[in-house]
Each structure stands twice: as C-alpha cells, then as structure tokens.
Amino acid sequence: MDSDSIVLDGGRVAVAASQVILQNTSLANEVFTAAETSANATGAIAFSATDMAITFGQMADTNADGDATNDLAVVGAAELAISVTNSLVVSGEGVLTTDGDLNIESAALVTALIETTGEEADDLSTVTVADAAFVAENGTITTRFNGSTAETGSGYGGAITLQAASVNHGGRIISLGNDSSDVHRNGGG
Amino acid sequence: MDESATLHATNEIAIDTRILDLDGDIVVDHSALTLASDAIVIVENAAEQDAMDGLVIDGTLWNKIWTIGTISLASRSDITFMGDVALQAAGTW
C-alpha cells in the first residue's frame with residue numbers, strides 16, 4: 001500500500017497476504033498534506049503476512065517547496081497490529097505514527113539499506129541507511145518474538161526508534177553496522 | 001469495462017483513475033496490478049459506496065483481483081477503510 005495515511009472510520013480491518021509492503025512514494029500530481037491525528041481512535045487494523053516491509057523516504061519534492069514528507073500515519077486506530085512470520089524489514093528515513101497501541105510480533109525488526117543508481121551506466125549508487133521511528137504518542141508499543149529464525153545477512157545498518165507512552169520490548173531488533181536502536185517512553189527519554 | 005471485456009497484459013497493468021467500474025476480467029500473465037488514484041476507499045459492502053470520495057475498492061472488485069501476484073494500491077492522499085473490512089491477497093499487497 002502506497003500512501004501517506006491509512007485512515008480508519010472506527011471499523012476493524014484485517015489485511016492478510018504473503019507479503020505486505022507499506023510505503024509512501026510520489027505519484028504524479030501528488031499534493032502533500034500533513035498527517036492527521038484522530039482524537040477518537042476506535043478502529044483497529046491488523047496486518048498479517050509471511051514477509052512485511054515498511055519503506056520510508058521515497059517522496060520526491062518536485063516543486064522544491066519543502067512540502068514532501070516521508071512519514072506514514074495510521075489514523076483512527078486504537079490498535080495497529082503487525083504479525084509477520086519472518087522479519088519486519090524497515091528501510092528509508094521517516095516516522096510511522098499511530099493514535100493508539102502498536103503491537104509487533106515477528107522474527108525480528110530489521111533495518112535494511114536502500115540502494116539507488118542513476119539512469120546512466122556510469123552513475124554512482126547512492127545508499128540510504130535506515131533511520132526509522134515508530135511513534136504511538138498515546139499508546140503502548142509492544143514487540144514480541146514469534147520464535148522464527150530471522151535472516152541476518154549483509155546490508156543492514158541504521159537506526160530504529162520506538163517512542164510511546166509506554167514500550168514493552170520483548171522482540172528482537174537487528175540493526176547491524178553504524179547504527180542505534182532507541183526505546184523512548186514519552187517524557188521519560 | 002463491460003462484462004464481456006477482458007484486459008490482458010503480459011507483465012503489468014497500471015490503472016490511475018478516480019472511478020473504476022470493472023465488470024469484465026483482468027488477466028496479467030506475470031501478475032502485477034497497480035491501482036492509483038487521488039484517494040482510495042476500501043469497503044466491504046458496495047452498498048456503502050455512495051458519496052465516497054476516491055477510487056472505491058469493494059468486496060466485489062477485490063474478488064476479481066485478489067489472486068494477482070502483486071497488487072499495488074497507490075493514493076495521492078489517504079487510503080481509507082470504511083467499516084469492518086477483511087481482505088486477503090494471494091501474493092504481495
């Protein structure tokens with residue numbers, strides 16, 4: 001799914017697939033808007049997949065007016081649940097915000113690099129290191145390890161931040177290289 | 001697309017539209033479908049579609065496309081789920 005905001009109107013949503021990809025890329029004629037927040041988050045959305053990736057930082061600010069944002073928002077969800085058999089792979093630079101609780105069950109939360117190459121044959125590749133944050137300002141972020149073996153190949157590195165009113169980290173975060181993994185409770189640092 | 005129509009591509013079909021009335025079939029040999037719009041609304045029941053702003057994907061449409069290997073939904077603004085929705089894709093979504 002490619003959008004800056006996933007919005008619920010109070011219902012319960014279940015999305016299941018072999019692979020789920022959440023990202024925020026630019027489309028032609030896209031007009032950027034700031035992510036909304038909901039004061040009445042009563043919905044719930046659950047993603048269930050064998051593999052899942054969240055990719056930030058693909059927006060192109062074509063008019064160079066500073067309105068492009070790489071962030072993703074889930075609006076109106078009292079609960080955002082992510083259940084992945086293998087790793088939840090995060091890449092790019094951006095923030096995933098949700099109004100309520102965020103529950104992640106996976107083999108591991110893993111960062112990945114984004115490598116882009118220009119169209120010319122002699123163009124150099126550009127590598128973007130992951131700098132991602134999961135933010136649940138009014139809720140709890142819970143991570144759980146599902147017992148599956150996480151692949152730990154090359155190409156990792158970056159930073160993952162978990163920020164919420166409370167954080168229960170029981171999962172695994174794999175972010176090798178020059179990286180950091182931060183867990184923040186709001187107000188507590 | 002009318003009931004008798006078939007849209008057949010070898011690699012990928014990309015549709016960027018505000019309204020998609022799909023009564024016919026979509027066949028993609030290498031199984032990739034992109035649906036793009038200014039906004040996308042996903043709803044289980046077609047009867048709830050009235051006055052929705054954006055490309056509406058309901059259960060009837062989803063049943064025609066869910067087996068496609070890669071389904072990409074791309075919105076220039078929100079992807080909105082109306083009411084209770086349960087969707088399963090065979091491949092990548």
Side-chain angles (χ1 to χ4, degrees), chain A residues 1-38 41-55 58-60 62 67-69 71-77 80 84 89, chain B residues 12-18 20 30-59 61-63 65-93:
Chain A
M1 279 188 275
D2 188 343
S3 171
D4 54 8
S5 296
I6 295 173
V7 179
L8 309 182
D9 77 337
R12 303 190 69 82
V13 175
V15 174
S18 176
Q19 183 180 35
V20 170
I21 300 172
L22 299 184
Q23 58 184 1
N24 187 12
T25 60
S26 295
L27 299 179
N29 303 315
E30 181 154 357
V31 176
F32 302 104
T33 56
E36 302 173 4
T37 57
S38 172
T42 58
I45 184 166
F47 293 98
S48 177
T50 304
D51 297 288
M52 184 164 174
I54 298 174
T55 303
Q58 299 296 295
M59 303 300 282
T62 53
D67 61 349
T69 175
D71 299 338
L72 301 171
V74 177
V75 179
L80 164 60
V84 191
V89 180
Chain B
E12 178 180 3
I13 293 174
I15 300 172
D16 191 339
T17 182
R18 192 172 173 278
L20 177 61
H30 292 98
S31 225
L33 172 67
T34 297
L35 298 178
S37 186
D38 291 346
I40 292 176
V41 178
I42 300 174
V43 60
E44 194 89 45
N45 187 349
E48 300 174 23
Q49 289 189 31
D50 295 343
M52 291 181 186
D53 187 18
L55 170 62
V56 177
I57 297 174
D58 64 5
L61 174 58
W62 189 257
N63 287 338
I65 64 176
W66 77 278
T67 57
I68 293 175
T70 300
I71 301 170
S72 301
L73 304 181
S75 171
R76 294 183 184 83
S77 57
D78 300 337
I79 293 177
T80 301
F81 290 90
M82 301 293 291
D84 294 343
V85 178
L87 296 178
Q88 182 166 359
T92 297
W93 184 17

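Naming: A, B, ... by sequence-line order, numbering from 1 per chain. Fair warning: this is a prediction, and the values are worked out from it, not measured in the lab.
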Subject >> Partners meeting side chain to side chain donor-acceptor pair (under 3.5 Å) with B/Thr34 (sequence neighbours left out) >> reply: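 Only B/Glu12 meet the side chain to side chain donor-acceptor pair (under 3.5 Å) criterion with B/Thr34.
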From [X] [atom1] over to [Y] [atom2], what is the distance, rounded to the nearest 0.5 angstrom?
X	Y	atom1	atom2	result
B/Ser72	A/Met1	OG	CE	11.0 Å
B/Thr80	A/Asp9	OG1	CG	8.5 Å
A/Met52	B/Trp93	CE	CH2	11.0 Å
A/Leu8	B/Met82	CG	CE	11.0 Å

Can a donor-acceptor pair be found, under 3.5 Å and without considering hydrogens, that links the side chain of [X] to the backbone of [Y]?
X	Y	value
A/Ser3	B/Ser77	yes
B/Asp78	A/Ile6	no
A/Asp2	B/Leu73	no

Subject >> Shortest non-hydrogen separation from A/Ser18 to B/Ala90 and the atoms involved >> reply: CB-O, 3.7 Å
Subject >> Distance-minimising heavy-atom pair for A/Arg12 and B/Asp84 >> reply: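 The answer is N-OD1, 2.7 Å.
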Subject >> Which atoms of A/Leu22 approach chain B - backbone, side chain, both or neither, heavy atom under 4.5 Å >> reply: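 Answer is neither: A/Leu22 stays 4.5 Å or more from chain B.
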